[in-house]
Undergrad: 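Pasting in a structure now, in structure tokens, and then I'll have a few things to ask.
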Number of protein chains: 2
Amino acid sequence: MEQTKMRILSAAAKLFDIYGYHGTSVRKIAEEADVNVALISYHFQGKQGVLETLMASYFETLFRLVGEKEAALAGAAAWKKLAQIVRLYVQFHCEHAAITRLIQRELSVESMLAREVMTLYMSRYKHGLASVLEYGIGTGEFQTCSVDRVVLGVTSHIVYPLLHPQMVRQVYELEPASEEFVNWLYTSVLDFLRVSLIPDSGSSTLFHE
Amino acid sequence: MEQTKMRILSAAAKLFDIYGYHGTSVRKIAEEADVNVALISYHFQGKQGVLETLMASYFETLFRLVGEKEAALAGAAAWKKLAQIVRLYVQFHCEHAAITRLIQRELSVESMLAREVMTLYMSRYKHGLASVLEYGIGTGEFQTCSVDRVVLGVTSHIVYPLLHPQMVRQVYELEPASEEFVNWLYTSVLDFLRVSLIPDSGSSTLFHE
DNA sequence: GTCTATATGGGGATAGAC
DNA sequence: GTCTATCCCCATATAGAC
């Protein structure tokens with residue numbers, strides 16, 4: 001049943017986040033999902049299939065949202081486009097913080113499962129931000145810079161705090177899932193981009209080669 | 001023998017980095033270290049003991065270095081102090097990139113082993129940067145800001161790229177362990193700090209409340 | 001300190017009944 | 001689609017000889 005698959009995916013997402021992929025057993029997933037163990041293999045061809053399904057649907061959803069946003073923003077000024085795309089990225093990461101953590105963690109393991117697939121996703125992931133930056137550089141709205149490095153900088157800003165939710169609770173006195181945190185993160189990243197991209201908005205030579 | 005313990009620690013650091021803590025078995029560690037399996041339990045009371053020893057010696061070394069640097073810099077201007085401490089942090093993280101990755105990854109797992117101990121280490125870790133910032137704010141050299149947030153920003157900048165060495169190789173065309181990368185990272189973080197801390201060095205309101 | 005041998009448990013996956 | 005029962009492998013840890 002379709003509901004069974006969803007229950008398994010939700011349970012797995014939760015447990016993978018808390019205990020890590022290798023630290024979670026299929027038996028625990030089945031228990032959390034209140035489903036028979038054998039159904040995991042039946043529906044997903046094993047534990048790794050569950051992980052891959054989670055990651056795939058995460059990225060497919062993000063790419064769909066980015067595509068829609070880009071279509072809606074055709075012809076807008078580069079800065080406006082950038083702000084909207086960044087808002088989307090921040091919101092998406094915060095809303096799906098558990099899977100973001102999972103992916104970032106597994107991605108940092110050199111022997112990661114399904115690395116080839118993941119590399120493909122990551123390049124499309126980066127392209128979502130990079131294309132707007134390139135557009136702005138093309139129109140002269142942004143100063144010339146290393147797009148790759150700016151993308152890395154933005155990603156660091158957004159992702160790192162999500163990797164350490166306890167730290168966010170302590171440092172910011174905010175829940176990583178709260179709207180205030182999303183807003184703060186968004187503003188903070190935009191400030192970073194303004195300094196990096198807009199001439200005379202600051203003296204920083206950050207991310208310029 | 002002391003040499004045996006070192007061989008085990010080196011092998012474990014390497015394998016934990018590549019395969020993750022749960023993804024590494026004591027058998028593999030023993031094999032990599034060219035040592036009998038039973039010796040791991042004998043010397044470290046099990047696999048977790050190896051992890052804890054690695055983390056403890058990582059932090060103890062960092063704290064010793066920070067202490068020495070601070071003593072050598074007593075009475076210097078805040079910006080100079082800050083620059084030197086940041087240089088130390090960047091260098092240390094890059095030189096011990098494998099254990100940095102390991103710690104950051106395990107720390108992002110909510111059910112982390114030995115969380116209490118690690119929380120203590122992290123607070124001293126942050127204090128190393130925070131105390132210099134507070135000193136500079138006290139002398140008026142830096143503008144008022146949320147020290148915690150600046151520390152988080154700096155940490156994101158330094159740590160995130162190290163979590164994804166493949167990305168660094170691709171984006172920067174640099175080895176994460178190379179001196180060029182250390183220099184670039186150092187400059188980049190200092191730029192970020194200048195914009196955040198020095199009045200009129202930029203228009204950014206980054207990390208101000 | 002080091003080794004061999006083994007105890008004990010848990011892991012993922014599947015065959016086959018319903 | 002779902003469940004039971006089971007297979008087989010690998011994990012960590014330790015007892016006891018050297």
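Hydrogens, waters and symmetry mates play no part in the numbers below; they use all other heavy atoms, side chains included. Every chain is numbered from 1, with letters handed out A, B, ... down the list of sequences. Keep in mind that what you see is a predicted model, and the values were worked out from it rather than measured.
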Undergrad: At how many degrees, to 10°, do the end axes of the helix from dG1(C)-dC18(D) to dC18(C)-dG1(D) meet when each uses five pairs?
TA: 0°
Undergrad: Expressed in angstrom and rounded to an integer, what is the separation of Tyr19(A) atom OH from dG10(C) atom C1'?
TA: 16 Å
Undergrad: Expressed in angstrom and rounded to an integer, what is the separation of Leu15(A) atom CG from dG11(C) atom C1'?
TA: 16 Å
Undergrad: Does the side chain of Leu82(B) come within less than 4.5 Å of Leu197(B)'s, by heavy atoms?
TA: yes
Undergrad: Would you call Arg169(A)-Glu173(A) a salt bridge at under 4.0 Å N-O?
TA: no
Undergrad: Is any side-chain nitrogen or oxygen of Ser25(B) closer than 4.0 Å to OP1 or OP2 of dA11(D)?
TA: yes
Undergrad: Nearest-Å distance, CD1 (Ile29(B)) to P (dC10(D))?
TA: 17 Å
Undergrad: Using whole Å, report how far CD of Gln3(A) lies from P of dG1(D).
TA: 13 Å
Undergrad: Only one of Met118(A), Glu106(A), Lys47(A), Met55(A) passes side chain to side chain contact (heavy atoms under 4.5 Å, CB included) with Leu113(A); say which it is.
TA: Glu106(A)
Undergrad: Calculate the interatomic distance between Tyr21(B) atom OH and dA11(D) atom P; express it in whole Å.
TA: 13 Å
Undergrad: Can you tell me the distance, in whole Å, between the CD atom of Glu2(A) and the P atom of dG1(D)?
TA: 8 Å
Undergrad: So, taking the atom named CG in Leu152(A) and the one named CG in Leu129(A), what distance separates them when rounded to the nearest 0.5 Å?
TA: 11.0 Å
Undergrad: Between atom CD in Glu31(B) and atom P in dC3(C), what is the gap in whole Å?
TA: 14 Å
Undergrad: What is the distance, to the nearest angstrom, from the CZ atom on Phe44(A) to the P atom on dG1(D)?
TA: 11 Å
Undergrad: OP1 or OP2 of dT2(C) versus the side-chain N and O atoms of Thr4(B): is any pair under 4.0 Å?
TA: yes
Undergrad: Do the charged groups of Lys28(A) and Glu32(A) touch, with an N to O distance under 4.0 Å?
TA: no
Undergrad: Tell me the ring pair (Phe, Tyr, Trp, His ring centres under 6.0 Å) pairs involving residues 28-59 of chain B, sequence neighbours left out?
TA: Tyr58(B)-Phe92(B), Phe59(B)-Phe63(B), Phe59(B)-Tyr121(B)
Undergrad: Just checking Tyr186(B) against Phe181(B), ring centres under 6.0 Å apart?
TA: no
Undergrad: Any side-chain heavy atom of Phe142(A) within less than 4.5 Å of one from Tyr135(A)?
TA: no
Undergrad: Between Gln166(B) and Gln170(B), do the side chains contain a donor N or O and an acceptor N or O under 3.5 Å apart?
TA: no
Undergrad: Once each nucleotide of nucleotides 13-18 of chain D is scored for protein heavy atoms under 4.0 Å, what B/S/- sequence comes out, 5' to 3'?
TA: SB----
Undergrad: Closer than 4.0 Å, any side-chain N/O of His43(A) to the OP1 or OP2 of dT2(D)?
TA: yes
